[in-house]
Amino acid sequence: MSKIQSVAVLTGAGISAESGVPTFRGEGGLWRSYRAEDLATPYAFRRDPKLVWEWYAWRRSLIGACQPNAAHLALAEMEAHLDEFVLITQNVDGLHQLAGSQNIVELHGNIWRMRCTRDCCPSWEDRCDPLPEIPPLCPSCGALARPDVVWFGESLPGEALDTAFEVCRRCQVMLVIGTSAVVQPAASLPLVALQNDAYVVEFNPEATPISEAVSQVVGGSAAEALPRWWRRWLAGGRHP
Ligand code: BV8
C-alpha cells in the first residue's frame, strides 16, 4: 500500500440517491411543493412546527426503509485500510453508520436524533416510525422537541466544523462524493484541501462549481464509480 495515509471524504445527498433517498436539488427533492430551504429553517418551524415535523416524519419513514449502497460500503472498507481516514457528511440519513463507517463528522446533524427546544437536556436518539405524536414533545420538560439537525441560517456545531476544516487542511487525498457544492460552509472544505496541496477527486454525474478546480473528476453514479476507483487504488498501490 502506497505512502498515501491521510484521506478526507465529504459526502452529500448524491451518495444516498441509489439507496432511494431523494436528493435536495434532484428528482423528488420537493415535498408537497415545498423546497428544503423553505422548511429546513427556524422560521418555518416557529411558524408551523406541525408542518415541519410532518416533513421530517415523511423523510424518516422513507430513509428508514433504505439500506447503504456500494458507495457507502466502499467508504467503510477504505476506513479499515487507511491509517488516517475521516468521513465528513452533510447527510442526516445515518446510512454511513449503517454501512459500518466509524470516524464520521456529521456537519448537519442526524434525522434519528431529537432535541428539546428549551435545551433542558442533551439530544436523544428516537427511531420511532411512525412518530406516536406530531409534533413530538421533550420527554423531560414537555416542551416542543425539534429534529437534531442544522437548519439554514443556523450555525453548524462548532467542534464538528473545526474538525472538518482541520482534517481538510491536513489530508493528502480528499474525495468529494455526491454534493452540488452549493451549501456553505461545507462547500468550502474541498477548496481548503486544494489550498493545502491535497489531491482532490470529485465523484458526481454532473458538473459542480468545484469541478474546474479539483485534481480529478469521476463521472457516473457513486455506487458504481467509487468501488471501481477504490479497487484500482488497491491494485495500483496509489490513488488512480
Ligand atoms: C450558516 C440539514 C452561519 C437539514 C442542511 C449566500 C451565500 C453563501 C451562503 C449563504 C448565502 N445565504 C445563506 C447562506 C448560508 C446557507 C447556504 O449555504 N445557503 C445556500 C443554499 C446558498 N448556509 C447556512 O445557512 C448554513 N449555516 O451558514 O450559518 C450563518 C448564519 C446566519 C446567516 C448566514 C450564515 C447551514 C447549512 C446547513 C443547512 N442544513 N441539512 C435537513 O436535512 O433537514 S443542508 C442540506 O442541503 C444537506 O445537508 C446538504 O448540505 C444540502 C444539499 O446539498 P447536497 O447534499 O449537495 O445535495 P444536492 O441535492 O444539492 O446535490 C446532490 C448532488 O449529487 C448533485 O450534484 C447530483 O449531481 C449528485 N448526484 C445525484 N445522484 C448521484 C449523485 N452523485 C453521485 N452518485 C449519484 N447516484
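Keep in mind that the numbers below use all heavy atoms, side chains included, and drop hydrogens, waters and symmetry copies. Just so you know, ligand 1 is whichever comes first in the structure, and atom 1 is the first atom listed for that ligand.
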- Please determine if R231 forms a cation-pi arrangement with W229, meaning its NZ or CZ atom is less than 6.0 Å from the six-membered ring centre and no more than 45° off the ring axis. no

- Task: Kindly determine whether S188 and Q184 satisfy side-chain hydrogen bond (donor to acceptor under 3.5 Å, both in side chains), including the steps that lead there.
- Result: CA-CA 7 Å; S188 301; Q184 297 294 350; 2.6 Å; yes

- Item | I15 side, atom CD1; T89 side, atom OG1 - distance, nearest 0.5 Å | 7.5 Å

- Ignoring angles and geometry beyond distance, decide whether R59 reaches within less than 3.5 Å of ligand 1 through its nitrogen or oxygen atoms. yes

- Task: Just jot down the ligand 1 atoms closer than 4.0 angstrom to any heavy atom of S180, in number order.
- Result: 54 (O), 57 (O), 59 (P), 61 (O), 62 (O), 64 (C), 67 (O)

- Inspect the contact between D126 and R60 and indicate whether a charged nitrogen and a carboxylate oxygen are less than 4.0 angstrom apart. yes

- Note on the structure: Per-atom filter on ligand 1: closer than 4.0 angstrom to a heavy atom of G153 are 24 (C), 25 (O), 31 (C), 32 (C)

- Message: I'd like to check whether W55 has a polar contact with ligand 1, where a contact means an N/O of the residue lying under 3.5 Å from an N/O of the ligand.
- Response: no

- Item | Best match, A17, P205, S211, S19: closest heavy atom to atom 75 (C) of ligand 1 | P205

- Item | Residue pair E202, T208: steps toward the side-chain hydrogen bond (donor to acceptor under 3.5 Å, both in side chains) verdict | CA-CA 9 Å; E202 181 183 48; T208 73; 2.4 Å; yes

- Hey, is E154 touching ligand 1 through its side chain, its backbone, both or neither, going by heavy atoms under 4.0 Å? backbone

- Item | Contact (N/O only, under 3.5 Å) between W151 and ligand 1 | no

- Message: Using a 4.0 Å cutoff against the non-hydrogen atoms of E37, which atoms of ligand 1 qualify?
- Response: 21 (C)

- Please verify whether a non-hydrogen atom of S155 lies at under 4.0 Å from ligand 1. yes

- Message: Checking E37 against T41: is there a side-chain donor and acceptor pair closer than 3.5 Å?
- Response: no

- Close-contact set for ligand 1 against Y56 heavy atoms, below 4.0 Å: 4 (C), 42 (C), 44 (O)

- Message: Out of all atoms in ligand 1, which are within 4.0 Å of some heavy atom of E206? Include the element for each.
- Response: 69 (O)

- Query: Can an N or O of A13 be found at a distance shorter than 3.5 Å from an N or O of ligand 1?
  - Reply: yes

- Task: Check the side chains of Q172 and Y199 for a donor-acceptor pair under 3.5 angstrom, ignoring hydrogens and angles.
- Result: no

- Message: Distance alone, cut at 3.5 Å: any donor-acceptor contact between the side chains of Q90 and T179?
- Response: yes

- Check: E18 N/O within less than 3.5 Å of ligand 1 N/O: yes

- Flag V150 as yes when one of its N or O atoms lies below 3.5 Å from any N or O atom of ligand 1, and as no otherwise. yes

- Message: Quick check on E212: does its CD atom have over 12 non-hydrogen neighbours (other residues, nucleotides or ligands) under 6.0 Å away?
- Response: no

- Item | Region of Q184 engaging ligand 1 - heavy atom pairs below 4.0 Å | both

- Query: Given G219, G178, G12, which one has a non-hydrogen atom that is nearest to atom 63 (C) of ligand 1?
  - Reply: G178

- Message: Tell me if the centroids of the rings in H108 and W151 come within less than 6.0 Å of each other.
- Response: no

- Query: Against heavy atoms of Q90, which atoms of ligand 1 measure under 4.0 Å?
  - Reply: 48 (C), 49 (O), 50 (C), 51 (O)

- Task: Check the pair L98 / H72 against side-chain contact (heavy atoms from CB on, under 4.5 Å), numbers first and verdict last.
- Result: CA-CA 9 Å; L98 224 47; H72 296 103; over 6 Å; no

- Element-labelled atoms of ligand 1 that are located less than 4.0 Å from some non-hydrogen atom of A222: 77 (C), 78 (N), 79 (C)

- Below 4.0 angstrom from a heavy atom of V183, which ligand 1 atoms are there? Numbered from 1 as shown, please. 18 (O), 37 (C), 52 (C)

- Is E224 salt-bridged to R228, cutoff N-O under 4.0 Å? no

